[in-house]
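Data first, discussion second: the structure below is written as structure tokens.
Model, not experiment: these values are computed from the prediction. Just so it is clear, the values below take in all heavy atoms, side chains as well, and ignore hydrogens, waters and symmetry mates.
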Amino acid sequence: DSASGRDELYDLVADPKEQSDLASAQPLRTAFYRQSLYAWLLALERAATAGEAVATIVDLLERHGQGGSCSHDHPKFRYHNSFLVADPTEAWVLETAGREWAARRVEGVGSISNAITIGREFDSSSPGLVDRAVAEKWCAGPGDFDFAADYSDRLYTTFSDARSRQ
């Protein structure tokens, strides 16, 4: 709640009238969403264009990283961020995995979901994105690199049915 400064978290599907605040019951998820919101708000405050907003978010990510666990029940579960950033003249999809990231300028229509959507084609990325995937043996080499395939948790992506919403 921006007026009170108090965190609130609602399941808008199950509770569209926002009657049951889940923030105290799900503190890790609440902290994750707060971090995402702050990155987005700082980008809006500091940037005049969508491209500048992407650069601001990337700078914050590279300097500070992003939050830890997204689940109280499963503390090793990590949830990374996706951003769809637009202004009247351009739009970008920015997707992150830890401190790694890839960004693609949207041509036509773009979307994000709770799975990485950027594959082989992107306009910019973190400096070590491809090299790390090769070193970890997530792909055979730079020509085989695919951000979505190499940095996604296949189990989570499959069972969340994220691909069907792209």
Item to complete: Could I get the full list of side chain to side chain donor-acceptor pair (under 3.5 Å) partners for D87, not counting sequence neighbours?
Response: T89
Fill in: Steps toward side chain to side chain contact (heavy atoms under 4.5 Å, CB included) verdict (D21, D7)
CA-CA 9 Å; D21 184 359; D7 288 328; over 6 Å; no
Gap separating the [atom1] atom of [X] from the [atom2] atom of [Y], nearest 0.5 angstrom:
{"X": "D150", "Y": "R120", "atom1": "CG", "atom2": "CZ", "value": "8.0 Å"}
{"X": "Q19", "Y": "Y10", "atom1": "CD", "atom2": "OH", "value": "8.0 Å"}
{"X": "S124", "Y": "L94", "atom1": "OG", "atom2": "CG", "value": "8.0 Å"}
{"X": "W138", "Y": "Y151", "atom1": "CH2", "atom2": "OH", "value": "5.0 Å"}
{"X": "S126", "Y": "E62", "atom1": "OG", "atom2": "CD", "value": "6.5 Å"}
{"X": "F147", "Y": "L129", "atom1": "CZ", "atom2": "CG", "value": "5.5 Å"}

Is the backbone of [Y] close enough, under 3.5 Å, to the side chain of [X] for a donor and an acceptor to pair up by distance?
{"X": "E90", "Y": "G51", "result": "yes"}
{"X": "D59", "Y": "A55", "result": "no"}
{"X": "T117", "Y": "I112", "result": "no"}
{"X": "E52", "Y": "A48", "result": "yes"}

Worksheet entry | Cationic N near anionic O, under 4.0 Å, E121 to R104 | no
If every non-hydrogen atom of [X] is compared with every non-hydrogen atom of [Y], which pair is closest and at what distance?
{"X": "C139", "Y": "V134", "result": "SG-CG2, 3.7 Å"}
{"X": "G98", "Y": "L61", "result": "O-CD1, 3.2 Å"}
{"X": "V54", "Y": "A103", "result": "CG1-CB, 4.2 Å"}
{"X": "A97", "Y": "I116", "result": "CB-CD1, 4.5 Å"}
{"X": "A47", "Y": "A53", "result": "CB-N, 3.3 Å"}

Practice prompt. Show the numbers, then the answer: is there a side chain to side chain contact (heavy atoms under 4.5 Å, CB included) between L60 and R46?
Written response: CA-CA 12 Å; L60 292 167; R46 297 176 183 180; 4.1 Å; yes
Worksheet item: Where do T96 and S82 land on the side chain to side chain contact (heavy atoms under 4.5 Å, CB included) test, with the steps shown first?
Response: CA-CA 6 Å; T96 69; S82 294; over 6 Å; no
